[in-house]
Chemist: 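Just dropping this structure here.
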2 protein chains.
Amino acid sequence: MVRERVTMADVARAAGVSSATVSYVLSGKRPVAPETRAVVEAAIEELSFTVNVTARSLRTGRSSLVALIVPDIANPFFAQLAATLQEQLRGLGLHVVVCGTGARRDEERALLAEAVHQRFAGVVITPFRLKQQDFKPLVDAGMPVVISADVSFGPIDLVTPDARVATRRALERVSTSQRRRIAMIAGPRDATGGDPRLEHLRALAMQFGMSLPHELVVRGEHTREAGAAGFGALMSRRYPPDAVFCGNDVIAVGAMDKAHELGVDIPGDVALIGHDDASFASLVRPRLTTIRYPAAEVGRSAAQLLIERLNGRQAPKTVHVMAEFVARSSV
Amino acid sequence: MVRERVTMADVARAAGVSSATVSYVLSGKRPVAPETRAVVEAAIEELSFTVNVTARSLRTGRSSLVALIVPDIANPFFAQLAATLQEQLRGLGLHVVVCGTGARRDEERALLAEAVHQRFAGVVITPFRLKQQDFKPLVDAGMPVVISADVSFGPIDLVTPDARVATRRALERVSTSQRRRIAMIAGPRDATGGDPRLEHLRALAMQFGMSLPHELVVRGEHTREAGAAGFGALMSRRYPPDAVFCGNDVIAVGAMDKAHELGVDIPGDVALIGHDDASFASLVRPRLTTIRYPAAEVGRSAAQLLIERLNGRQAPKTVHVMAEFVARSSV
DNA sequence: ATGAAAGCGCTAACAT
DNA sequence: ATGTTAGCGCTTTCAT
């Protein structure tokens, strides 16, 4: 038994009104007499009518889909972001379409183009190798875009962490344990905006009278393997570091793998600090000290910005979410 | 500069053909003369035309959306499933809409209903509290559905783990280390299909001459907190267990928390075995021994089944993916 | 092998 | 306060 779809016309017929009235009852875009409204709502209930979102989208030229474009959905940080975003947008009848780019620029660009072509309601994106100009078509098309990133991409809504305090705390902690040679295993060089986490650390380190020399900065992808390789490289330096910051927690775990393999004690020989506070950070041993980026809060803020824009806000807005220094046992 | 959408009519005009021909060039549903085809393809290229999926959906009555309905997107297992599914379906122009239910039956039902109403292309779901009859409307409506679960829900495509060998291996391992009193921290009682992981363990344990008495089975949600509470409860029994199986890895980590708190040594005093092999299982200390359910393979199989059904397969099909005993240091 | 045209279900401009 | 109707862009039947 295939149930036929109930249309607005059916509801209108049942309620003895025109389909326009049904539409207006639903949207509230023009006044409807209370009695009429009641009759229509009864008919909707009776027939268990739900609007055809596809038809609506075709007519209005705007779909009910929000694209979430991230390097890797399986990364716990982005998974949490997806979960929160979906939860926040659900009540508005918006659906979250997840798109993993594998950190490839061509994928990122293709997905952006698709969002425009298909008239998505909006885009939430953590760009990885995109440049500012890649967003121009979206902005020109009036597409609501929220960027979740460390750096700005021009006049576009942004959710960005404020890690100044947290990074300072981390350095204080490292400094009080008499460590002087700090190092970083950063993300790839060609990632957009360079690596703000690195730049940031460099600037602050100087204030603390600590060095972050070039030979103590290594780069790689955001993977466990890259973390292991990076840590190995750092340890083979003539003067190896006594504190290693990592671009994210996945890298840090890779570094731990290597430390274990090399017999380097953490935190005895080397302090290790991650970024993100991924779900596993508190599970590894030693438990990972990290600079926490609150994924759920990022998700809520992104949803909020998106909603405001759907409601007509024009001026770009930036929301700062505070990163937090989480001291565990790897320092 | 808002770029106007390029329609099939535009392409048709540019190519000097009718829009029907453009459509047929795209779909291949009727023969087109090679020269005509060439002209049309050139025009498509020239104008960088892409079809309006919304209009297509309205016309065909089938959208290009696939709903992924799971208890919790942020759970690493489901996050990986989402990532794989999206990757597999991307090439077919299908989008994955993620839907988290929080394991609530009303949400699960609402989402299912919505998928039917909005004429989704298909549904991939890990039901948690749904019953077999909840799927009837979908099946009647001819909606392609793939269930990823431990148990069958009737004549519907199913991706299901085969954990017999792996569970046997786990018990062998437990048995050779002279453990006799096994316990389980299982999922909630009202989950659909009871708890197959528990039933399964119980049946096999008997064959191994080990007991799994009722007082050594505790239940809770799939959370770290529930795991801790469950472990605490088990340890307060008059005769506490010397091996504890957990419904999933998240529960197992909670159990570890509690063991640490109580000064119970793992695996010295108690062996601990999880389920899933979530990404963090190899990161906790002691590293978690677990029964691995390959999320990526589940995702690939689900995508495969869905595609077959979109291509017209009628008969329900079940794919078994082999679970695997992963021996680490918690046993 | 190709074209003409109806119509999917809705919204919103225009009428009353 | 409500109704009438065009048309969003596509697919597909019917004609040629």
Side-chain angles (χ1 to χ4, degrees), chain A residues 2-41 43-44 47-65 93 114 116-121 141, chain B residues 2-41 43-44 47-65 93 114 116-121 141:
Chain A
V2 176
R3 199 161 347 165
E4 283 310 313
R5 219 205 180 288
V6 180
T7 71
M8 268 191 187
D10 298 328
V11 175
R13 206 171 306 118
V17 299
S18 76
S19 67
T21 299
V22 178
S23 174
Y24 286 118
V25 164
L26 252 29
S27 71
K29 288 189 182 173
R30 89 178 179 191
V32 176
E35 315 83 69
T36 313
R37 170 179 298 277
V39 177
V40 170
E41 281 170 348
I44 289 176
L47 301 175
S48 53
F49 164 80
T50 39
V51 314
N52 182 327
V53 186
T54 305
R56 171 183 287 173
S57 297
L58 180 58
R59 177 59 226 234
T60 62
R62 185 120 295 183
S63 87
S64 59
L65 300 178
E114 190 172 353
V116 177
H117 268 131
Q118 300 309 332
R119 299 276 160 101
F120 275 35
Chain B
V2 175
R3 201 162 347 168
E4 284 309 312
R5 226 218 174 280
V6 179
T7 72
M8 268 193 187
D10 299 328
V11 174
R13 206 171 306 119
V17 300
S18 75
S19 67
T21 300
V22 178
S23 175
Y24 285 118
V25 164
L26 252 30
S27 71
K29 288 190 180 173
R30 92 179 177 191
V32 175
E35 316 83 69
T36 313
R37 171 180 297 277
V39 176
V40 170
E41 282 170 346
I44 288 175
L47 302 175
S48 55
F49 164 81
T50 39
V51 313
N52 182 326
V53 183
T54 306
R56 172 182 287 173
S57 296
L58 180 58
R59 176 60 225 237
T60 61
R62 185 118 297 182
S63 87
S64 59
L65 301 178
E114 189 173 352
V116 176
H117 269 131
Q118 301 308 334
R119 299 275 159 98
F120 275 35

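Chain letters run A, B, ... following the sequence lines, proteins first and then strands; every chain starts at 1.
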Chemist: Within this structure, what is the CZ-to-C1' distance between A/Arg62 and C/dT11, rounded to whole angstrom?
Modeler: 16 Å

Chemist: Taking C-beta and beyond as the side chain, do A/His117 and B/Arg5 meet within less than 4.5 Å on heavy atoms?
Modeler: yes

Chemist: Between B/Gln118 (side chain) and A/Val51 (backbone), is there a donor-acceptor pair under 3.5 Å?
Modeler: yes

Chemist: Starting at atom CD of A/Gln118, determine the distance to atom P of D/dG9, rounded to an integer number of angstrom.
Modeler: 12 Å

Chemist: Just the rounded figure in Å: distance from P of C/dT2 to CZ of B/Arg13.
Modeler: 19 Å

Chemist: Using whole Å, report how far CE of B/Met8 lies from P of C/dG7.
Modeler: 20 Å

Chemist: Does A/Thr7 make a side-chain N or O approach to OP1 or OP2 of C/dG9 shorter than 4.0 Å?
Modeler: no

Chemist: Over how many whole Å does the gap from B/Leu58 atom CG to D/dC10 atom P extend?
Modeler: 12 Å

Chemist: Do the side-chain N or O atoms of A/Thr36 get closer than 4.0 angstrom to the phosphate oxygens (OP1, OP2) of D/dA1?
Modeler: no

Chemist: Give A/Val32 one of three labels, base, sugar-phosphate or nothing, depending on what nucleic acid heavy atoms sit under 4.0 Å from its own.
Modeler: sugar-phosphate

Chemist: Would you list the protein and nucleotides 12-15 of chain C atom pairs, both N or O, that sit under 3.5 Å from each other?
Modeler:
| residue | atom | partner | partner atom | Å |
| --- | --- | --- | --- | --- |
| C/dA12 | OP2 | A/Lys29 | NZ | 3.3 |
| C/dA12 | O4' | A/Arg59 | NH2 | 3.4 |
| C/dA12 | N7 | A/Tyr24 | OH | 3.2 |

Chemist: Using whole Å, what does the distance between atom C1' of nucleotide D/dA1 and atom CD of A/Glu35 come to?
Modeler: 10 Å

Chemist: Hey, are the side chains of A/Ile44 and A/Val40 touching, using non-hydrogen atoms and a 4.5 Å cut-off?
Modeler: yes

Chemist: For residues B/Thr21 and B/Thr36, determine if any side-chain heavy atom of one lies less than 4.5 Å from a side-chain heavy atom of the other.
Modeler: yes

Chemist: Flag the pair A/Val17 / A/Tyr24 as yes when at least one side-chain heavy-atom distance between them is below 4.5 Å, and no otherwise.
Modeler: no

Chemist: Of the options C/dC10, D/dT4, C/dT2, whose atoms approach the side-chain atoms of A/Asn52 most closely?
Modeler: C/dC10

Chemist: Considering every strand and a 4.0 Å limit on heavy-atom distances, what is the contact class for B/Thr54: base, sugar-phosphate, or nothing?
Modeler: nothing

Chemist: State the OG-CZ distance between B/Ser57 and B/Arg119, to the nearest 0.5 angstrom.
Modeler: 11.5 Å

Chemist: Using heavy-atom distances to pick each residue's nearest nucleotide on DNA chain C, tell me which of A/Val51 and B/Arg37 is more 5'.
Modeler: B/Arg37

Chemist: Using side-chain heavy atoms (C-beta onward) and a distance below 4.5 Å, is A/Thr7 in contact with A/Asn52?
Modeler: no

Chemist: Counting only side-chain nitrogens and oxygens, does B/Thr21 get under 4.0 Å of the OP1 or OP2 atom of C/dG3?
Modeler: yes

Chemist: Please report, rounded to the nearest Å, how far the C1' atom of D/dC10 is from the CZ atom of B/Arg5.
Modeler: 11 Å

